[in-house]
Colleague: 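Just dropping this structure here.
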Amino acid sequence: MNIFENAPQTEPERQYYFIDIAKDLLKKEEEKAGRKLTFHVTTFGCQMNARDSEKLSGILERIGYIKEESEKADFVVYNTCTVRENADNRVYGRLGILNGYKKKNPFMRIALCGCMMQEENVVRKIKESYSFVDIMFGTHNIHELAELVVANLQTNAMTVHILDHGQNPVENLPIDREYKFKTGINIMFGCNNFCSYCIVPYVRGRERSREPKAIINEIERMVQDGVKEIMLLGQNVNSFGKDLDPVMTFSELLHEIDQIPGLERIRFMTSHPKDLSQELIDEIAVSKHVCHHIHLPLQSGSSRLLKDMNRHYTKESYLDLVDRIRKAIPDVALTTDIIVGYPGETEEDFEETMDVVRKVKYDSAFTFEYSPRTGTPAASRPDQVPADVVKTRFDRLLKEVQKYGRERAKELEGSVGKVLVESMNREDENLVTGRLENNSVVHFPGDASLIGSIVTVKLTECRGFYYFGEMVSE
Ligand code: 5AD
Ligand code: SF4
């Protein structure tokens, strides 16, 4: 019987069919090995990848692999990122180490997936120079892992399946959440913006929103299962729902999610400044559970560069947006992404960025050196900024960003806030560690019974960007 010909054509039924077959094949492998076989998923990159990794883990666990902490496992998945060149280089470097493990373990299999796999030159390079890799798949078919495992276990030949565009997301596959009490949830996939430096639209495809009913149902199930905090994920959540019939805005979705009983915190990521509506600002202000934290990537403070980047806002309109947000939500935490050394960036352009940093006083900022990505318009520009200039500007920016970050953190010293307790403290067994609504980390005396609950904590001491505190009764 040809198991592939007989497989159901509909999802998720097809994948459950392959999970069952993979279970049997795994048992045979385990008999040969004389032990249970294990898996490990390593995530590179963003929250989207972290969520995808939870899906991959869920499928591998359902097949019967045992989760293990180290990469010396029998089935290792690298869920890759390609947003900047150093992300790619880290993967290539670590693959060499994995190959060393594989030489000592005849049962080991290595799978690569995620954004890097959507680039033809990467796939070619892996096939040619890293032929010990067993499975490769892309961002559009992570749900097919069980099917690919079956193909690979049966043939022992490199199994490669990469789709060049997205389809409707496959719902209801097993998921293994990293934390019991918080998780991410995709509300949309892909990006339509084509910022001139960014490779994401090429590797993640066009925007596709999930059906609101499917999102709400999934969150309700998560809450029943102990989730208190969710992060709504999309490359540009502010354009959620434009492709739905009937259309729905992100703030309408947020309003519905805010009503779900038992859900205590709602976060979202990422907002594009050009699409952040007044309606959304007002919704966050009146909502009961949406955290007062907005990640609002600036990229550059120079209107000239913003135009070139295809960002569709100016320095002035960005600052006006920040003013409107702060007016409606005075205690909001603002964070951002900034790129230094975009092609053609002059000292004046860079000073415009510094000016925005001084005016907005971000709670924190991710700062990046510009990294040319093959195939994006900015990469072929002749006026790339010399590396030493980029480095000096980067250091100046980081200093400024950290100065304001410290100042903002200090402002909360002595105040009282709600903390979701996430874990025991890594260094002191008498302390637990959690996060405030603005995402800052707090350490305070407590025990494991507090993990997963939201408690009130006085922030007694600010240490740079984090706090020590003590629990207070309400
Ligand atoms: N070089 C440097 N930073 C980049 N980002 C995206 N593409 C590049 C690039 N080519 C940054 C942007 C984005 C964040 C996720 O990564 O700041 O917001
Ligand atoms: Fe990249 Fe711009 Fe899309 Fe963000 S909005 S993923 S920076 S293209």
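Owing to the predicted nature of the structure, the values given are computational and were not obtained by experimental measurement. We number each residue from 1, following the sequence as shown.
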Colleague: Do Phe468 and His443 have ring centres separated by under 6.0 Å?
Modeller: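 Ring centroids of Phe468 and His443 are less than 6.0 Å from each other.
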Colleague: If you count heavy atoms of other groups shown closer than 6.0 angstrom to NZ of Lys72, is the number above 12?
Modeller: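 At most 12 heavy atoms, drawn from other residues, nucleotides or ligands, come within 6.0 Å of this atom.
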Colleague: Taking 4.0 angstrom as the limit, do Arg204 and Asp52 come out as a salt bridge?
Modeller: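 Yes.
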Colleague: Looking at the rings of Tyr202 and Phe194, which for Trp means the six-membered one, are their centres under 6.0 Å apart?
Modeller: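 Yes, ring centres under 6.0 Å apart.
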Colleague: Side-chain contact, heavy-atom cut-off 4.5 Å: Gln235 with Met48?
Modeller: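 In short, these two side chains touch, coming nearer than 4.5 Å.
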Colleague: Counting only heavy atoms not in Phe366, do more than 12 fall under 6.0 Å of its CZ?
Modeller: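 Not more than 12 within 6.0 Å, no.
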Colleague: Looking only at side-chain N and O atoms, does Ser239 offer a donor or acceptor that is under 3.5 Å from a partner on Asp275?
Modeller: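 No, Ser239 and Asp275 have no side-chain donor paired with an acceptor closer than 3.5 Å.
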Colleague: Quick check: does any side chain N or O of Asn141 sit under 3.5 Å from a backbone N or O of Glu144, one acting as donor and the other as acceptor?
Modeller: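 Answer holds: no.
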Colleague: Which atoms form the tightest heavy-atom contact between Tyr362 and Thr336, and what is the distance?
Modeller: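 The pair with the smallest heavy-atom distance is CE2-CB, 3.5 Å.
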Colleague: One pair to check against salt bridge (Lys or Arg N to Asp or Glu O under 4.0 Å): Arg84 and Glu369. What are the steps and the verdict?
Modeller: CA-CA 9 Å; Arg84 285 168 294 275; Glu369 290 183 9; over 6 Å; no
Colleague: List the steps and the verdict of salt bridge (Lys or Arg N to Asp or Glu O under 4.0 Å) for Lys36 and Glu30.
Modeller: CA-CA 6 Å; Lys36 286 289 207 188; Glu30 289 179 339; 3.6 Å; yes
Colleague: Please check if the number of heavy atoms outside Glu120 that lie under 6.0 Å from its CD is greater than 12.
Modeller: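 No.
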Colleague: Using the benzene-type ring in the case of Trp, are the ring centres of Phe394 and Phe368 under 6.0 Å apart?
Modeller: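 Ring-ring flag for Phe394/Phe368: false, centres at least 6.0 Å apart.
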Colleague: Any carboxylate oxygen within less than 4.0 angstrom of a Lys/Arg side-chain nitrogen, looking at Glu422 and Arg435?
Modeller: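 Counted as a salt bridge, because a side-chain N and a carboxylate O are separated by less than 4.0 Å.
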Colleague: Counting heavy atoms not belonging to Lys67, are there more than 12 under 6.0 Å from its NZ?
Modeller: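 More than 12 heavy atoms, drawn from other residues, nucleotides or ligands, come within 6.0 Å of this atom.
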Colleague: Would you call Lys213 and Glu218 a salt bridge, taking side-chain N to carboxylate O under 4.0 Å as the test?
Modeller: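 Salt bridge between Lys213 and Glu218, a charged N being under 4.0 Å from a carboxylate O: no.
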Colleague: Do Ser53 and Asn79 pair up side chain to side chain, a donor and an acceptor below 3.5 Å, judged on atom types alone?
Modeller: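 On atom types as modelled, these side chains qualify, holding a pair under 3.5 Å.
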Colleague: Just by distance, no angles: are the side chains of Glu220 and Gln224 close enough, under 3.5 Å, to form a donor-acceptor pair?
Modeller: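 Absent: no donor and acceptor within the cut-off.
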Colleague: Do Arg51 and Glu54 meet the salt-bridge criterion of a basic N to acidic O distance under 4.0 Å?
Modeller: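 Yes, Glu54 and Arg51 are salt-bridged.
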Colleague: Between Lys23 and Asp20, does any side-chain N to carboxylate O distance fall below 4.0 Å?
Modeller: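 Asp20 and Lys23: salt-bridged.
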Colleague: For Gln154, I'd like to know if atom CD has over 12 heavy atoms of other residues, nucleotides or ligands within 6.0 Å.
Modeller: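 Counting other residues, nucleotides and ligands, CD of Gln154 exceeds 12 neighbours.
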Colleague: Do Val83 and Cys115 touch side chain to side chain, with heavy atoms closer than 4.5 Å?
Modeller: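 No, too far: nothing below the 4.5 Å cut-off.
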Colleague: Between Arg373 and Thr82, do the side chains contain a donor N or O and an acceptor N or O under 3.5 Å apart?
Modeller: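 Yes, a side-chain donor-acceptor pair sits under 3.5 Å.
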Colleague: Are any of the side-chain nitrogens in Arg14 or Glu147 under 4.0 Å away from the carboxylate oxygens of its partner?
Modeller: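 Salt bridge present between Arg14 and Glu147.
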Colleague: Report the residue from Asp134, Asn152, Asp74 that forms a side-chain hydrogen bond (donor to acceptor under 3.5 Å, both in side chains) with Arg109.
Modeller: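 The passing option is Asn152.
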Colleague: Quick one: do the Lys55 and Asn186 side chains pair a donor with an acceptor below 3.5 Å?
Modeller: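 Note: Lys55 and Asn186 side chains meet the donor-acceptor criterion.
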Colleague: Less than 6.0 Å separating the ring centroids of Tyr370 and Tyr197?
Modeller: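 Ring centres of Tyr197 and Tyr370 not closer than 6.0 Å.
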Colleague: Going by distance alone, is a donor N or O of one side chain under 3.5 Å from an acceptor N or O of the other, for His40 and Ser70?
Modeller: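 No, because no side-chain N or O of His40 sits under 3.5 Å from a partner of the opposite role on Ser70.
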Colleague: Measure the shortest side-chain to side-chain distance between Glu229 and Phe181 over non-hydrogen atoms and say whether it is less than 4.5 angstrom.
Modeller: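 Glu229 vs Phe181: side chains apart.
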Colleague: How about Tyr92 and Tyr130: are their ring centres within less than 6.0 Å of each other?
Modeller: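 Ring-ring flag for Tyr92/Tyr130: true, centres closer than 6.0 Å.
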Colleague: So, are Glu264 and Lys418 salt-bridged, with charged N and O less than 4.0 Å apart?
Modeller: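 Salt bridge between Glu264 and Lys418, a charged N being under 4.0 Å from a carboxylate O: no.
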